[in-house]
S.K.: 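Got a structure for you, written out below as structure tokens; questions coming shortly.
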Amino acid sequence: MGGAAGKGESSEMMWVAETKLEAKMVEAMQRRASEGTAMKSFNSIILKFPKIDESLRKCKGIFEQFDEDSNGSIDHEELKKCFHKLEVSFTEEEINDLFKACDINEDRGIKFNEFIVVLCLVYLLKDNATALEAKSRMGMPNLEATFETLVDAFVFLDKNKDGYVSKNEMVQAITESGERSSGRIAMKRFEEMDWDKNGSVNFKEFLFAFTSWVGIDDMEDDEEE
């Protein structure tokens, strides 16, 4: 996974996307940001945590269905079959990019929390009727509503609508919520999101932080007796 490519610390803006996938992600998020957000405050995001958590955990059934050898992770071929079944028409290159981007521990397999991030990125990138129908056909009609909430939360934080959340934007969002010691909380939350420490957070980093906040990444440890 590459380091920060020419991203300036001092200037608040103009982050440079490092991969084609990130560029598409940012572009899709900018489009979505132009539509506005229903979120009113950072607290309103936190209040949705339990419902989002419950909905994401229901993805476990989909995950197990595609983890054909039941080894706790989805390999490249299994992911291709998953997309085929969900009627997501990604190119070979797009699937490779997505696999590489979401296999964060680089063990050549997509774990459950990584799978959730994959699905949510697919939702963002393929914001069209077939993608939505496919998810409903998987028997999870409320899943796209959950993904939409996550997209909405990101748009709320991304005040300048450039497709990234900066440290200042995070501080602004949490300060607005009237939280005492908000500056410290904002910095801690931001550090949890900014994995590559380049001062900006893209939607993928936000999603991984989110699954961690609601405890999804602890789930496998509980089950591996």
Side-chain angles (χ1 to χ4, degrees), residues 2-49 52 56 94 97-98 101-102 116-129 131-132 143-179 182-183 185-214:
K7 300 187 182 183
E9 270 302 325
S10 55
S11 71
E12 171 65 351
M13 275 11 297
M14 285 331 289
W15 308 113
V16 180
E18 292 174 35
T19 60
K20 272 192 205 166
L21 177 70
E22 187 180 346
K24 283 181 198 155
M25 212 160 56
V26 168
E27 200 183 308
M29 193 53 87
Q30 287 169 342
R31 267 201 313 276
R32 178 60 189 76
S34 65
E35 297 165 23
T37 172
M39 295 287 171
K40 297 287 180 279
S41 70
F42 192 73
N43 289 343
S44 63
I45 298 173
I46 292 171
L47 289 173
K48 291 181 189 290
F49 272 22
I52 293 170
L56 294 180
E94 285 174 321
D97 286 351
L98 206 53
C102 294
I116 287 171
V117 174
V118 167
L119 286 186
C120 196
L121 290 179
V122 167
Y123 170 79
L124 174 72
L125 295 169
K126 295 285 178 192
D127 192 8
N128 59 32
L132 297 184
L143 192 57
E144 35 309 22
T146 299
F147 289 155
E148 187 51 42
T149 302
L150 289 167
V151 171
D152 219 23
F154 188 90
V155 169
F156 169 76
L157 296 173
D158 180 16
K159 302 293 183 194
N160 70 354
K161 301 183 174 35
D162 70 342
Y164 293 95
V165 173
S166 70
K167 205 173 284 188
N168 290 353
E169 287 172 326
M170 192 69 187
V171 170
Q172 191 185 338
I174 293 186
T175 307
E176 281 170 1
S177 69
E179 190 74 56
S182 54
I185 293 169
M187 294 324 274
K188 186 172 184 318
R189 287 286 184 237
F190 187 81
E191 279 161 21
E192 288 164 2
M193 294 195 294
D194 185 18
W195 283 21
D196 55 9
K197 305 286 175 256
N198 64 7
S200 75
V201 169
N202 63 32
F203 189 49
K204 183 193 85 175
E205 289 178 303
F206 171 76
L207 290 173
F208 274 116
F210 205 96
T211 60
S212 166
W213 292 341
V214 296

S.K.: Looking at CG of L150 and SG of C120, how far apart are the two atoms once the value is rounded to the nearest 0.5 Å?
M.R.: 5.0 Å

S.K.: Indicate yes or no for a side-chain donor-acceptor contact from N43 to the backbone of L47 under 3.5 Å, with no hydrogens or angles considered.
M.R.: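 Absent.
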
S.K.: Just do the salt bridge (charged side-chain N to carboxylate O under 4.0 Å, His left out) check on R32 and E148 with the steps written out, would you?
M.R.: CA-CA 10 Å; R32 178 60 189 76; E148 187 51 42; 2.6 Å; yes

S.K.: State plainly whether the residues E169 and K161 are in salt-bridge range, i.e. N to O under 4.0 Å.
M.R.: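 K161 and E169: not salt-bridged.
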
S.K.: Nearest 0.5 Å, what's the CG-CG distance between L56 and L207?
M.R.: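 Going from the CG atom of L56 to the CG atom of L207 covers 9.0 Å.
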
S.K.: Do the ring planes of Y123 and F147 sit parallel (below 30°), tilted (30 to 60°) or perpendicular (above 60°)?
M.R.: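 The rings of Y123 and F147 sit tilted, inter-plane angle from 30° to 60°.
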
S.K.: Quick one: does M29's side chain get under 4.5 Å of V151's, heavy atoms only?
M.R.: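 Result yes, sub-4.5 Å side-chain heavy-atom pair found.
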
S.K.: Side chains of V118 and I116: does their closest heavy-atom pair fall under 4.5 Å?
M.R.: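 Answer no - side chains too far apart.
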
S.K.: What are the two closest non-hydrogen atoms of G163 and D158, and how far apart are they?
M.R.: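 Heavy atoms only, the tightest pair is N-OD2, 2.8 Å.
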
S.K.: Looking only at heavy atoms, which two atoms of D162 and Q30 are closest? And how far apart?
M.R.: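 Closest approach of D162 to Q30, heavy atoms only: O-NE2, 2.9 Å.
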
S.K.: Should K24 and E27 count as an ion pair when the cut-off is N to O under 4.0 Å?
M.R.: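 No.
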
S.K.: For K159, I'd like to know if atom NZ has over 12 heavy atoms of other residues, nucleotides or ligands within 6.0 Å.
M.R.: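 Yes - once you tally the heavy atoms of other residues, nucleotides and ligands closer than 6.0 Å, there are more than 12.
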
S.K.: Working to the nearest 0.5 Å, report the span between CD of E176 and OG of S41.
M.R.: 9.0 Å

S.K.: Got a second to check how far Q172's CD is from N160's CG, nearest 0.5 Å?
M.R.: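 Going from the CD atom of Q172 to the CG atom of N160 covers 9.5 Å.
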
S.K.: Between L98 and L121, is there a side-chain heavy-atom distance shorter than 4.5 Å?
M.R.: yes

S.K.: Are side-chain N/O atoms of Y164 and E205 paired as donor and acceptor at under 3.5 Å?
M.R.: no

S.K.: Are F210 and V117 packed together at the side-chain level, in the sense that at least one heavy-atom pair is separated by less than 4.5 angstrom?
M.R.: no

S.K.: Where the side chain of D194 meets the backbone of G199, is there a donor-acceptor pair that is under 3.5 Å apart?
M.R.: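 It does hold such a pair.
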
S.K.: So, do L125 and L21 sit near enough that their side-chain heavy atoms are less than 4.5 Å apart?
M.R.: yes

S.K.: Just to verify, what does F208 make a ring-ring contact (aromatic ring centres under 6.0 Å, His included) with, not counting sequence neighbours?
M.R.: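 Checked F208 against ring-ring contact (aromatic ring centres under 6.0 Å, His included); matches are W195.
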
S.K.: Which atoms form the tightest heavy-atom contact between A173 and F156, and what is the distance?
M.R.: CB-CE2, 4.0 Å

S.K.: Kindly compute the distance separating CD (E191) from NZ (K197), expressed to the nearest 0.5 Å.
M.R.: 6.0 Å

S.K.: Is the shortest side-chain heavy-atom distance between T149 and M39 below 4.5 Å?
M.R.: yes

S.K.: With a 4.5 Å cut-off on side-chain heavy atoms, are V165 and F206 touching?
M.R.: no

S.K.: Looking at CG of L157 and CG of D152, how far apart are the two atoms once the value is rounded to the nearest 0.5 Å?
M.R.: 10.5 Å

S.K.: How far apart are the closest heavy atoms of F154 and V201, and which atoms are they?
M.R.: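 Nearest pair, atom of F154 first, then V201: CZ-O, 3.6 Å.
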
